Q: 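Sharing a structure here in structure tokens format.
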Amino acid sequence: METIKHLLPADIEKNSFLIIKEELKKMQIKIPEEVEPVVMRVIHTTADFDYVSSLCFSENALSIGINALKNGAAIVTDTNMALAGINKSALKKLGCNSYCFMADEDVAKKASALGMTRAAVSMQKAVQLNEKIIFAIGNAPTALVEICSLIEQGFRPELVVGVPVGFVNVVAAKEMLMKTNVPFIVNRGRKGGSNVAAAICNALLYCGGGRA
């Protein structure tokens with residue numbers, strides 16, 4: 001039986017990362033340095049080492065995302081849960097905004113009228129922002145499909161974090177995103193979630209200097 005350790009809050013995360021590194025060492029796994037901050041934080045959030053092999057990154061995705069945040073890019077999520085999980089102090093330090101339009105009345109009305117999901121309509125609303133955008137999708141594959149459609153129409157987000165979780169259209173939507181010409185961070189397969197999307201955003205924010 002594991003012994004309870006009494007640690008200060010600041011030490012819990014530090015010890016968690018040390019444990020993760022030790023587990024990876026035992027498994028003889030070396031995470032590429034350029035993606036290590038994201039992979040480590042996702043493992044820390046999920047306690048799932050499968051993300052070592054399933055997370056996929058377009059070329060220079062981390063540096064592109066970090067630079068975008070340093071230049072004030074906004075983060076748009078597909079759930080309020082993901083929005084809540086993004087570190088607001090880090091956002092403020094970098095001068096970035098974050099949005100989720102899922103609960104907006106105009107989004108609900110338009111989705112009902114057009115027979116679309118609110119997630120898809122939320123993405124349409126997001127492109128009307130007068131800001132550079134990083135999308136963080138952790139729940140709705142229809143949001144990813146709509147982003148791909150918007151990309152085909154000429155919209156270019158700074159980065160798309162595509163990690164929806166589930167069984168219907170999830171894998172296909174992720175594969176569709178990876179065929180676009182925009183920077184992406186995707187988790188192949190069914191796993192993902194709002195917590196994973198938020199963790200990836202936090203990793204980028206911290207790398208960009210958003211954490212004290």
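All figures in this text were calculated on a predicted structure; none of them were measured in a lab.
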Q: Does the side chain of E13 reach to within under 4.5 Å of the side chain of R41, using non-hydrogen atoms?
A: yes
Q: Could you tell me whether a side-chain N or O of T46 sits under 3.5 Å from a main-chain N or O of V42, the two making a donor and an acceptor?
A: yes
Q: Give the minimum heavy-atom separation between I43 and D48, together with the two atoms involved.
A: CG1-O, 3.7 Å
Q: In the single-linkage hydrophobic clustering (I, L, V, M, F, W, Y; side-chain heavy atoms under 4.5 Å), do V35 and F17 co-cluster?
A: yes
Q: Counting only heavy atoms not in K92, do more than 12 fall under 6.0 Å of its NZ?
A: no
Q: Any non-hydrogen side-chain atom of S194 less than 4.5 Å from a side-chain atom of L83?
A: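 Not in contact.
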Q: Does I137 belong to the same Ile/Leu/Val/Met/Phe/Trp/Tyr cluster as V163, with side-chain heavy atoms less than 4.5 Å apart forming each link?
A: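 No; V163 is not reachable from I137 via cluster members.
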Q: Side-chain contact, heavy-atom cut-off 4.5 Å: M176 with S149?
A: no
Q: Got a second to check how far K132's NZ is from N67's CG, nearest 0.5 Å?
A: 10.0 Å
Q: Rounded to the nearest 0.5 Å, what's the gap from OG1 on T77 to CG on N139? Could you check?
A: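 Separation between the atoms: 10.0 Å.
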Q: Shared ILVMFWY cluster between L204 and F135, side chains joined below 4.5 angstrom?
A: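 In one cluster: no.
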Q: So, does Y51 use its side chain to make a donor-acceptor pair with the main chain of G192 at under 3.5 Å?
A: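 Answer holds: yes.
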Q: Please determine whether a side-chain nitrogen of the Lys or Arg among E105 and K109 lies less than 4.0 Å from a carboxylate oxygen of the Asp or Glu.
A: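 Judged by the 4.0 Å cut-off on N to carboxylate O distance, E105 and K109 do form a salt bridge.
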Q: CG/N60 to CD1/I66 distance, rounded to the nearest 0.5 angstrom?
A: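 Atom-to-atom, N60:CG and I66:CD1 are 10.5 Å apart.
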Q: So do the side chains of I147 and F155 get within less than 4.5 Å of each other, counting heavy atoms only?
A: no
Q: Can you confirm whether M81 is buried at CE, in the sense that more than 12 heavy atoms of other residues, nucleotides or ligands lie under 6.0 Å from that atom?
A: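 Counting other residues, nucleotides and ligands, CE of M81 stays at 12 neighbours or fewer.
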Q: Once side chain to side chain contact (heavy atoms under 4.5 Å, CB included) is applied, do any residues pair with K125, and if so which ones, sequence neighbours excluded?
A: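 Checked K125 against side chain to side chain contact (heavy atoms under 4.5 Å, CB included); matches are F101, D104, D106, V107.
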Q: Work out which heavy atom in V161 is nearest to a heavy atom in A197; give both atom names and the distance.
A: CG1-CA, 4.4 Å
Q: Taking N202 for its side chain and G85 for its backbone only, find out whether a donor-acceptor pair lies under 3.5 Å.
A: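 Flag set: sc N202 to bb G85 pair under 3.5 Å.
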Q: Please check if any side-chain donor atom of E146 sits under 3.5 Å from a side-chain acceptor atom of T142, or the reverse.
A: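 No, because no side-chain N or O of E146 sits under 3.5 Å from a partner of the opposite role on T142.
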Q: In Å, rounded to the nearest 0.5 Å, how long is the span from OG1 of T79 to CG of N195?
A: 9.5 Å
Q: So L91 and L205, do their side chains get closer than 4.5 Å, heavy atoms only?
A: yes
Q: Within the distance-only criterion (no hydrogens, no angle test), does the side chain of D78 pair as donor or acceptor with the backbone N or O of A140 below 3.5 angstrom?
A: yes
Q: Rounded to the nearest 0.5 Å, what separation is found between the CZ atom of R118 and the CE atom of M102?
A: 4.5 Å
Q: Evaluate the criterion side-chain contact (heavy atoms from CB on, under 4.5 Å) for residue pair V196 and T45; output intermediate values, then yes/no.
A: CA-CA 7 Å; V196 176; T45 298; 5.5 Å; no
Q: Under a 4.5 Å cut-off applied to non-hydrogen side-chain atoms, are V39 and V52 in contact?
A: yes
Q: Quick one: do I86 and I75 satisfy side-chain contact (heavy atoms from CB on, under 4.5 Å)? Show the steps, please.
A: CA-CA 9 Å; I86 297 172; I75 299 175; 3.7 Å; yes
Q: How long is the gap from CG on N87 to OH on Y206, to the nearest 0.5 Å?
A: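 Nearest 0.5 Å value for the CG-OH distance: 4.0 Å.
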Q: Which heavy atom of V170 sits nearest a heavy atom of G189, and at what distance?
A: CG1-O, 3.7 Å
Q: Could you report the tightest heavy-atom contact between G209 and L94, atom names first, then the distance?
A: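 Closest approach of G209 to L94, heavy atoms only: C-CD2, 4.2 Å.
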Q: Is there a side-chain contact (heavy atoms from CB on, under 4.5 Å) between K26 and E22? Walk through the geometry before answering.
A: CA-CA 6 Å; K26 289 178 182 177; E22 187 60 32; 4.0 Å; yes
Q: Give a yes or no on whether I133 and I151 share a hydrophobic cluster (residues Ile, Leu, Val, Met, Phe, Trp, Tyr; joining criterion: side-chain heavy atoms under 4.5 Å apart).
A: yes
Q: May I ask you to decide whether E36 forms a salt bridge with K30, counting only side-chain N to carboxylate O separations under 4.0 Å?
A: no
Q: Apply side-chain contact (heavy atoms from CB on, under 4.5 Å) to the pair L144 and V160, showing each step before the final yes or no.
A: CA-CA 9 Å; L144 277 191; V160 181; 3.9 Å; yes
Q: If we count only N and O atoms by modelled type, under 3.5 Å, do the side chains of N187 and S54 hold a donor and an acceptor together?
A: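 Note: N187 and S54 side chains meet the donor-acceptor criterion.
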Q: Could you report the tightest heavy-atom contact between A203 and P37, atom names first, then the distance?
A: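 Taking A203 first and P37 second, the nearest heavy atoms are CB-O, 3.7 Å.
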Q: Measure the shortest side-chain to side-chain distance between E131 and Y99 over non-hydrogen atoms and say whether it is less than 4.5 angstrom.
A: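 With C-beta onward as the side chain, the pair touches.
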Q: Hey, quick one: are F49 and V165 part of the same hydrophobic cluster, counting side-chain heavy atoms closer than 4.5 Å, chains of contacts allowed?
A: no
Q: If we only count heavy atoms from C-beta on, is the F57 to L55 side-chain gap below 4.5 Å?
A: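 F57 vs L55: side chains touch.
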Q: For residues P183 and S58, report the shortest heavy-atom separation together with the two atoms involved.
A: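 Looking at all heavy atoms of both residues, the shortest contact is CA-OG, 3.2 Å.
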